[in-house]
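Quick notes on the structure that follows.
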Amino acid sequence: DKLAAEFSDELNNLGVRVANLEKHADNVKFTGKLEYTYTSTRAEESNGKTNKKNLDEYVFRLEPTAEVNDHWDVHARLDGTGTMDGDTTDNVKLKRAWAQGNYKNLTVKLGKQELYTNEHGLVFDETFSGAAVTFGNQLKATLMAGRIGDPMNRNVWQKEDKLLSDSRNSIAAGANGNDTANFQGINLQYEGTKFDGGLGYYHLNSDNFKTLTADNNGDGVPDSSYYSNDNDEDSADIWSANLGYRFDAKNRLWGSYANNSKADYQDNAWQVEYDYGNCVPANKGSWSAYAAYRRMGQNASLFGTYDGVLKGAKGVEVGVSYALFKNVGLLAKYFNGDQIDNGKDAEKLFGRVEFFF
């Protein structure tokens, strides 16, 4: 005690230095995962023939976070991708990079960032470059503005919709897919103990809406617009709503709807889902399951989530998640339904293994 009293100033200074050292030792943190995904897609043509496509893909994802000061952090996401069946690899690509300011009831994001909208990703599950401001507590508002790549998300079209070659679900080969869109949006979301719900509005401008065409007779030549009747519409105005109810810690029912007032074809999308359980990758043996009905109109669900359902299809989707070991997860989904425009069969199987670190 006498020594502590005599050297109190020195000990206090040492304590401050050690505390600062411990604080800044973790200035940069790395998290990520390795995931392997298998998908098998089936789509029926008007002649009764079934087109099939299987994909074996993997992603190595690294997500660093660096502290700037007490309120601001810098975030990034880097993905390295490849295929298992073709034994291919790709360069690691920077997918996201943004600065984030966290204040009481206020969050500011600047840069290339995630865009997952409040109707459970029905309209957007992508990235955009710009700014997003979120404020509020139980009732939150998010304002977004910036630029977003090809608004018709042609990489998704090319992966799956070549299967749907005899309907309006097909995009004309060689259509311009390089026009970046101006993007503005707002989300209002209430999160209660039992009820949650919200509204959304999104506006985009891009010449790509004019170039979206369909090959209806299957001769390989585009013969009509797939977006608007006059084929001269260069914008999208999308309104959305979502509502959910939590019965208890494991049971929840929710639904969402979106409509594009500028589009004349597949201008609405909606989904209803029942969830059971709570799968947490860190908790070995935890699991969850769901059953849903989805209608994914392509001109309303521009950048929506398509893990299970096909773009431009409607039908039933079921899925289950299971934590096989600590930080090792299994995910399986199955969709069975119809193509929206021609009523032909559409089917998809989705499986994934994830290793988190």
Side-chain angles (χ1 to χ4, degrees), residues 33-61 79-90 120-122 125-126 152-171 173 215 218 266 269 271 273-275 279 281 287-298 301 303-324 328-355:
K33 67 176 178 177
L34 172 65
E35 65 179 35
Y36 163 73
T37 303
Y38 170 79
T39 59
S40 180
T41 308
R42 306 286 186 270
E44 182 187 6
E45 293 186 354
S46 57
N47 60 9
K49 179 183 177 182
T50 298
N51 282 333
K52 304 176 183 179
K53 187 170 186 178
N54 297 335
L55 292 173
D56 293 274
E57 303 171 304
Y58 67 85
V59 176
F60 176 76
R61 178 167 296 160
D79 285 359
T81 61
T83 62
M84 299 290 289
D85 53 348
D87 190 28
T88 64
T89 58
D90 198 354
H120 303 272
L122 179 64
D125 183 10
E126 253 291 341
M152 300 320 296
N153 203 4
R154 292 168 200 267
N155 61 327
V156 175
W157 292 72
Q158 291 165 0
K159 274 188 175 182
E160 292 184 351
D161 295 346
K162 287 181 179 179
L163 298 170
L164 315 178
S165 59
D166 67 335
S167 76
R168 287 186 178 273
N169 292 306
S170 293
I171 189 168
D215 174 15
Q266 291 199 33
Q271 54 187 348
E273 180 172 315
Y274 174 77
D275 300 326
C279 182
W287 65 279
S288 62
Y290 72 88
Y293 185 91
R294 310 194 198 280
R295 184 190 191 278
M296 309 303 279
Q298 300 181 60
S301 183
F303 283 88
T305 300
Y306 300 110
D307 284 348
V309 63
L310 274 75
K311 190 175 175 72
K314 59 180 179 178
V316 176
E317 180 186 323
V318 295
V320 61
S321 300
Y322 179 70
L324 181 63
V328 178
L330 302 177
L331 176 63
K333 301 180 181 182
Y334 175 71
F335 169 80
N336 190 287
D338 305 314
Q339 300 169 49
I340 292 175
D341 283 322
N342 60 14
K344 298 298 181 180
D345 292 342
E347 186 179 14
K348 184 176 180 180
L349 178 65
F350 174 97
R352 175 174 289 170
V353 182
E354 298 175 305
F355 301 86

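Side-chain contact between V59 and L34 is absent, with no heavy-atom pair separated by less than 4.5 Å. Proximity of Q271 to L122: side-chain heavy atoms (C-beta onward) are separated by under 4.5 Å at one or more points. Within the 4.5 Å cutoff, the side chain of K344 has no heavy atoms near those of the E45 side chain.
Applying the salt bridge (charged side-chain N to carboxylate O under 4.0 Å, His left out) test to K314 and every residue at least two apart in sequence or in another chain returns nothing. A search for side-chain hydrogen bond (donor to acceptor under 3.5 Å, both in side chains) contacts involving T305 returns D125, not counting sequence neighbours. For R295, the salt bridge (charged side-chain N to carboxylate O under 4.0 Å, His left out) criterion is met by no residue, not counting sequence neighbours. Qualifying side chain to side chain contact (heavy atoms under 4.5 Å, CB included) partners for T39, counting only residues two or more places apart in sequence or in other chains: T37, L55, K348, F350. Every side-chain hydrogen bond (donor to acceptor under 3.5 Å, both in side chains) that Y290 has, sequence neighbours left out, goes to E317. Among residues two or more places apart in sequence or in another chain, the side chain to side chain contact (heavy atoms under 4.5 Å, CB included) test is passed with D56 by Y36, Y38, M84, D85. With sequence neighbours excluded, no residue forms a side-chain hydrogen bond (donor to acceptor under 3.5 Å, both in side chains) with S288. Qualifying salt bridge (charged side-chain N to carboxylate O under 4.0 Å, His left out) partners for D79, counting only residues two or more places apart in sequence or in other chains: R61, R77. Under the rule for a side chain to side chain contact (heavy atoms under 4.5 Å, CB included), the partners of A332 that lie at least two apart in sequence or sit in another chain are V320. Among residues two or more places apart in sequence or in another chain, the side chain to side chain contact (heavy atoms under 4.5 Å, CB included) test is passed with E347 by R42, Y334, N336. Shown here are the side-chain hydrogen bond (donor to acceptor under 3.5 Å, both in side chains) partners of T81, two or more places apart in sequence or in another chain: there are none. Taking Y293 as the reference, W270 meet the ring-ring contact (aromatic ring centres under 6.0 Å, His included) condition, with sequence neighbours excluded.
Taking OH of Y306 as the start and CD of Q298 as the end, the distance is 7.0 Å to the nearest 0.5 Å. One finds the CZ atom of F60 at 12.0 Å from the NZ atom of K33 (value rounded to the nearest 0.5 Å). Summarising the geometry, atom CZ belonging to F355 is positioned 8.5 Å from atom CG belonging to L324; distances are rounded to the nearest 0.5 Å. Separation of atoms OG (S301) and NZ (K311) is listed at 6.0 Å; rounding is to 0.5 Å.
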I'd like to know whether Q266 forms a side chain to side chain contact (heavy atoms under 4.5 Å, CB included) with D341, so could you lay out the CA-CA distance, the side-chain angles of the two residues, the decisive distance to 0.1 Å, and finally the verdict. CA-CA 8 Å; Q266 291 199 33; D341 283 322; 2.8 Å; yes
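Between K333 and D307 there is a salt bridge, since a side-chain N of the basic residue sits under 4.0 Å from a carboxylate O of the acidic one.
The shortest non-hydrogen separation linking F335 to V309 is CE1-CG2, 3.5 Å.
Between the side chain of Q339 and the main chain of E44, a donor-acceptor pair closer than 3.5 Å is present. In this structure, the side chain of D338 does not engage the main chain of I340 through any donor-acceptor pair within 3.5 Å.
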